[in-house]
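Written out below as structure tokens is the structure these notes cover.
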Protein chains: 4
Amino acid sequence: MFTTDMTSTHPRKPPSDTTALNDCIAACLACEQACTACADACLAETLVHELRACIRINQDCADICSTTGRSLSRLTAPDLELIKTQVELLLLACVKCGLECEKHASMHAHCRVCAAACERCAQACRRFLGLPVR
Amino acid sequence: MFTTDMTSTHPRKPPSDTTALNDCIAACLACEQACTACADACLAETLVHELRACIRINQDCADICSTTGRSLSRLTAPDLELIKTQVELLLLACVKCGLECEKHASMHAHCRVCAAACERCAQACRRFLGLPVR
Amino acid sequence: MFTTDMTSTHPRKPPSDTTALNDCIAACLACEQACTACADACLAETLVHELRACIRINQDCADICSTTGRSLSRLTAPDLELIKTQVELLLLACVKCGLECEKHASMHAHCRVCAAACERCAQACRRFLGLPVR
Amino acid sequence: MFTTDMTSTHPRKPPSDTTALNDCIAACLACEQACTACADACLAETLVHELRACIRINQDCADICSTTGRSLSRLTAPDLELIKTQVELLLLACVKCGLECEKHASMHAHCRVCAAACERCAQACRRFLGLPVR
């Protein structure tokens with residue numbers, strides 16, 4: 001990842017803590033990939049019809065991760081209210097997606113890994129937002 | 001657009017008013033395209049350095065439109081709280097992006113068109129959310 | 001859609017035929033939406049395990065539509081070779097996705113609609129590329 | 001990143017070398033982030049009007065990275081011809097974007113970092129495609 005170098009060479013300084021920002025961007029990318037792969041792995045399972053809700057929220061969470069990772073990567077003329085609302089949406093998506101994945105974690109290892117990616121991303125969102133990290 | 005046909009042939013019924021849903025999906029797609037094109041048109045202007053904030057929020061708004069349009073196109077196992085929060089984020093983005101574009105509307109016709117796309121999308125979001133439409 | 005107005009108000013002129021460009025952008029957006037909805041509709045079907053290949057290529061085609069629609073919406077400093085290669089990829093994706101959807105068109109109306117969206121987008125790609133339109 | 005764990009827990013085996021696949025996915029994500037940030041960093045520069053071509057290709061390359069990373073993360077019912085064509089497009093985009101960024105590398109450190117991300121991604125594409133790696 002080149003995130004740290006990209007942030008440090010940008011002509012604008014981040015409006016928030018740089019470490020929390022870089023960590024949140026990296027968590028977005030990792031969670032987007034895990035959710036995309038988990039949706040596809042669920043689709044390949046024999047009992048795919050029991051995994052519809054997991055596939056659905058995986059796809060939504062992946063898209064929200066992608067949009068948030070891009071927005072956080074931009075430091076020019078930021079709208080702080082919009083960014084905060086975006087990260088709050090991602091936190092909600094990660095919590096919900098993680099809970100759904102955990103339901104299937106004992107059965108499907110990919111759901112266990114994806115739940116971990118969601119949890120890590122949720123924590124990064126909390127840190128970025130200045131919320132208590134559990 | 002095939003939105004109406006796709007929604008009517010989906011095995012699941014929409015959790016909300018079908019017309020409002022289809023209209024919101026179409027508005028998302030149209031606004032994403034307008035914002036992507038407006039960011040690029042601003043970049044080509046001689047006074048691009050005065051349009052940085054417009055380019056930035058155009059890009060964010062385009063990404064949020066894309067994610068929302070995809071989420072609304074999915075009717076399987078919806079999480080209504082997540083969808084509502086997503087559309088509220090889009091409403092915020094469209095209002096802010098539209099206000100920024102209107103600042104330059106007298107100078108740049110593409111900003112005027114983009115402001116109209118944002119306004120239409122904001123209205124579609126309000127209708128989807130059951131908020132008063134102005 | 002605001003595509004025609006956005007293109008006509010852009011400070012740069014399109015490097016290709018304007019009608020073919022606008023039509024291809026509109027077809028990308030419509031096909032992205034149809035493919036996203038068709039993947040989700042297939043997921044909701046009782047016989048979802050027979051629709052895995054359809055869901056998979058629907059998702060890939062939707063992503064390629066999105067990327068191509070964005071690229072075509074940008075007129076600043078175009079790289080014509082890259083754009084041509086992008087549209088050729090989309091043509092391939094639409095042909096393949098359309099063929100897969102047609103396999104299920106008699107059984108699932110959403111696959112029939114999606115096949116039509118893919119066919120329209122493939123035709124728009126051919127016109128953009130200057131290939132014979134069937 | 002959870003890429004390695006997601007791939008190894010997927011019920012389908014990759015159609016290609018697993019290490020090359022995982023490496024290419026990771027390179028896509030890193031390059032998408034670098035290109036998104038570089039476009040935005042260029043936008044913030046005083047001489048932004050000299051960086052239009054760089055911003056443009058950064059944006060296209062970021063979108064192609066995103067689409068390719070998603071496609072490679074899916075292992076269900078792959079269409080090998082479509083995947084190969086997608087990775088070839090990405091290779092072209094990374095080479096072109098890297099060359100453009102290198103033009104500004106002595107002036108702008110973010111362009112230097114982004115050129116390195118493009119080069120790493122191009123190498124990962126070549127390895128995935130079985131082409132000679134320079």
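Below, chains carry the letters A, B, ... as their sequence lines are ordered, and counting in each starts from 1. Atom set for the values below is all heavy atoms of this structure, side chains included, hydrogens, waters and symmetry mates excluded.
- Across F128(D) and C24(D), no two heavy atoms sit closer than the pair CB-SG, 4.2 Å.
- Residue C35(D) holds its SG atom at 9.0 Å from CD1 of I57(D), rounded to the nearest 0.5 Å.
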*Mind running side-chain contact (heavy atoms from CB on, under 4.5 Å) on R112(D) and S106(D) for me, showing each step along the way?*
CA-CA 7 Å; R112(D) 187 174 42 72; S106(D) 63; over 6 Å; no
*Under the side-chain contact (heavy atoms from CB on, under 4.5 Å) rule, what do V87(D) and T68(D) come out as? Steps first, then yes or no, please.*
CA-CA 7 Å; V87(D) 178; T68(D) 310; 4.1 Å; yes
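- For A27(A), no part lies under 4.5 angstrom from a heavy atom of chain D.
- The side-chain heavy atoms of Q86(A) and I64(A), taken from C-beta on, include a pair separated by under 4.5 Å.
- Looking at C28(D), there are no atoms closer than 4.5 Å to chain A (heavy atoms on both sides), in backbone or side chain.
- Near-neighbour residues of residues 97-104 of chain A relative to chain D, defined by a heavy atom under 4.5 Å from a heavy atom of that chain, are none.
- The CZ atom of R127(D) sits 10.0 Å away from the CG atom of D17(D) when rounded to the nearest 0.5 Å.
- For residues 3-14 of chain A, a heavy-atom distance under 4.5 Å to chain D picks out T3(A), D5(A), M6(A), T9(A), H10(A), P11(A), R12(A), given by residue number.
- Interface with chain D: from residues 43-56 of chain A, residues L43(A), A44(A), E45(A) qualify, criterion being any non-hydrogen pair under 4.5 Å.
- Atom SG of residue C121(D) and atom CZ of residue R126(D) lie 10.5 Å apart, to the nearest 0.5 angstrom.
- Using a 4.5 Å heavy-atom cutoff, the side chains of V95(D) and C118(D) are not in contact.
- The pair D63(A)-R70(D) meets the salt-bridge criterion, with a side-chain N (NZ, NE, NH1 or NH2) lying under 4.0 Å from an Asp/Glu carboxylate O.
- Between D23(A) and A124(A), the shortest heavy-atom distance links the atoms OD2-CB, 3.7 Å.
- Ranking A62(D), A117(D), A109(D) against chain A, the residue ahead of the rest is A117(D), based on heavy-atom pairs under 4.5 Å.
- For the residue pair L91(D) and A122(D), the shortest heavy atom distance occurs at CD1-O, 3.6 Å.
- Heavy atoms only, all atoms of each residue included: C114(D) and N58(D) are closest at SG-OD1, 3.4 Å.
- The interface of residues 71-82 of chain A with chain D, defined by heavy-atom distances below 4.5 Å, comprises S73(A), R74(A), L75(A), T76(A).
- Residue contact with chain D, scored on non-hydrogen atoms closer than 4.5 Å, is absent for C42(A).
- To the nearest 0.5 angstrom, L129(D) atom CG is 9.0 Å from L90(D) atom CG.
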*Where do C65(D) and Q33(D) land on the side-chain contact (heavy atoms from CB on, under 4.5 Å) test, with the steps shown first?*
CA-CA 9 Å; C65(D) 283; Q33(D) 199 276 327; over 6 Å; no
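- No donor-acceptor contact under 3.5 angstrom links the side chains of Q123(D) and R120(D), judged on distance only.
- Rounded to the nearest 0.5 Å, atoms CD (E119(A)) and SG (C31(A)) are 10.5 Å apart.
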